[in-house]
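Let me begin by presenting the structure, written as structure tokens, before commenting on it.
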Amino acid sequence: MTELSPNQQLEALMDRLAADVAPVQPLEDRPTLLVLAALLLVAAVLMLAWLGLRPDLMAGQPHPMFLLRCGTLAVLGVVSVAAVLAQAHPGVGRNTQGWKVAAAMALLFPLSGAIMAIDQPEHAMAMASAASGWECLRMSLATAALCAVPMVLHLRRGAPVAPQRAGLLVGLAGGSLGALAYNLYCPYDSMVYTGLWYGLAVGLAALAGRLVVPRLVRW
Amino acid sequence: MTSDEATLARLMCAAQAGDALAYRQLLGMAAPLLMRWFRRKVAPADLDDLVQDTLLAVHQRRASWDPARPFLPWLAAIARYRWVDRLRRARVRDADVLFDDIAVESGEAALIGRLGCDRLLALLPGPQAAAIRAVKIEGLSVIEAAARLGQSESMIKVNVHRGLKRMAAAVDEDR
């Protein structure tokens with residue numbers, strides 16, 4: 001049997017690929033977004049059914065800390081989800097840095113919490129040992145894991161060319177959305193509590209995403 | 001037919017719809033672009049493999065191209081990903097046969113420029129980029145690279161490792 005030259009091999013490969021080509025639906029972001037929104041809604045409803053709504057929300061007078069946390073986590077979540085979806089459609093020059101700005105803004109909470117903890121060590125100790133802190137962590141991370149599923153599936157259908165960054169973003173997005181859902185119940189308004197437990201929830205989710213997701217989406 | 005952005009994007013659109021003829025045309029245009037781009041970036045023995053590998057990646061991931069966006073940056077990202085992956089797996093090789101570069105025709109220069117890895121290397125700190133060029137692209141041994149660049153051998157290894165890691169994370173960046 002005659003061995004093909006490299007050029008003939010290349011031509012043969014292109015012929016074979018062309019012969020095999022089947023119609024494909026360009027990967028769309030909208031279905032993933034809808035599934036993600038539905039999962040987040042279900043998680044939030046289940047959490048509220050189990051734990052209940054914050055008292056100030058029941059009274060229709062939301063505390064400023066609740067509003068600040070909502071806004072920050074929602075912005076971080078939305079920007080990170082958009083960055084995750086963009087990772088599935090690679091393109092030189094498409095790498096956007098918006099999520100870094102949102103993450104830097106969100107870091108104000110742990111930073112402010114740390115400064116206040118230095119000023120009020122007793123309060124800080126009480127917040128650090130609050131039993132509901134672990135609940136915050138568990139609930140947020142469980143919701144983050146749920147939210148990560150459609151994002152990972154989306155990335156697996158796409159072509160992420162920076163798997164480690166994609167993993168970090170999946171974790172950041174999931175963690176933000178998970179903490180956002182828990183925030184609807186969380187009765188604490190302390191800056192120290194928010195900086196510590198919410199910061200841990202988002203940070204751990206981002207770390208887990210960075211460590212676990214790349215091996216699921218590498219191709 | 002020229003391999004300009006509009007033509008390639010039109011062919012890829014047709015390829016996504018299952019048009020084998022358009023797809024074959026597209027692959028026929030992409031292959032020489034990739035060949036020219038990769039020519040100075042890997043050893044000649046790896047060139048054909050890398051082009052074939054990239055075309056296979058294009059085939060497998062063609063659904064990830066969004067018809068609302070330009071085609072060439074997508075192709076460049078896929079090609080860079082495959083190239084960086086190849087560099088990470090590459091062993092030191094013969095330096096003498098690497099620089100058989102063929103002059104790029106003026107009409108295609110801009111297209112190939114867009115695929116270029118030089119900007120990707122430019123994102124790295126100088127010592128890392130120099131170590132990668134010397135060891136992974138020119139094929140020098142670690143000892144030779146250390147002597148030429150004035151870095152210790154362990155520093156060369158560290159710079160290659162860190163540089164490739166950084167490049168892998170910056171495949172879709174363009175400055």
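Residue numbering restarts at 1 for every chain, and letters A, B, ... go by the order of the sequence lines. For clarity, every value in this text was computed on a predicted model and none was experimentally measured.
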Out of [options], return the one with the most heavy atom pairs under 4.5 angstrom to chain B.
| options | value |
| --- | --- |
| A/P163, A/P26, A/A166 | A/P26 |
| A/L27, A/D20, A/V21 | A/V21 |
| A/A19, A/A162, A/A22 | A/A22 |
| A/Q87, A/E11, A/Q25, A/M14 | A/M14 |

Considering only heavy atoms, which portion of [X] lies under 4.5 Å from any heavy atom of chain A: side chain, backbone, both, or neither?
| X | result |
| --- | --- |
| B/A31 | side chain |
| B/W74 | both |
| B/D19 | backbone |

Check: For B/S64 and A/P90, which heavy atoms make the closest approach, and how far apart are they?
Finding: OG-CD, 4.0 Å
Item checked: B/A77 to A/G91 - nearest heavy-atom pair and separation -> CB-N, 3.6 Å
Next item on the list: Mind running side-chain contact (heavy atoms from CB on, under 4.5 Å) on A/Q9 and B/D48 for me, showing each step along the way?
Entry: CA-CA 9 Å; A/Q9 284 177 10; B/D48 292 301; 5.9 Å; no
Quick check against the 3.5 Å criterion: does [X] have a side-chain atom that pairs as donor or acceptor with the backbone of [Y]?
| X | Y | value |
| --- | --- | --- |
| B/Y81 | A/W219 | yes |
| A/H89 | B/D66 | no |
| B/R62 | A/V24 | no |

Interchain contact, [X] with chain B, by part (heavy-atom threshold 4.5 Å):
| X | value |
| --- | --- |
| A/R16 | neither |
| A/L13 | side chain |
| A/A88 | backbone |

Note to self: Are the side chains of A/V92 and B/R80 in contact, using a 4.5 Å heavy-atom criterion?
What the structure shows: yes
Notebook entry, point to check: So does A/R218 have more than 12 non-hydrogen atoms from other groups sitting under 6.0 Å from CZ?
Noted result: yes
Note to self: Can you tell me if B/I143 has over 12 outside heavy atoms packed within less than 6.0 Å of its CD1?
What the structure shows: no
Notebook entry, point to check: Relative to chain A, which of B/G28, B/A22, B/A63, B/A20 shows the most heavy atom pairs under 4.5 Å?
Noted result: B/A63
Check: From A/L10 CG over to B/Q52 CD, what is the distance, rounded to the nearest 0.5 angstrom?
Finding: 5.5 Å
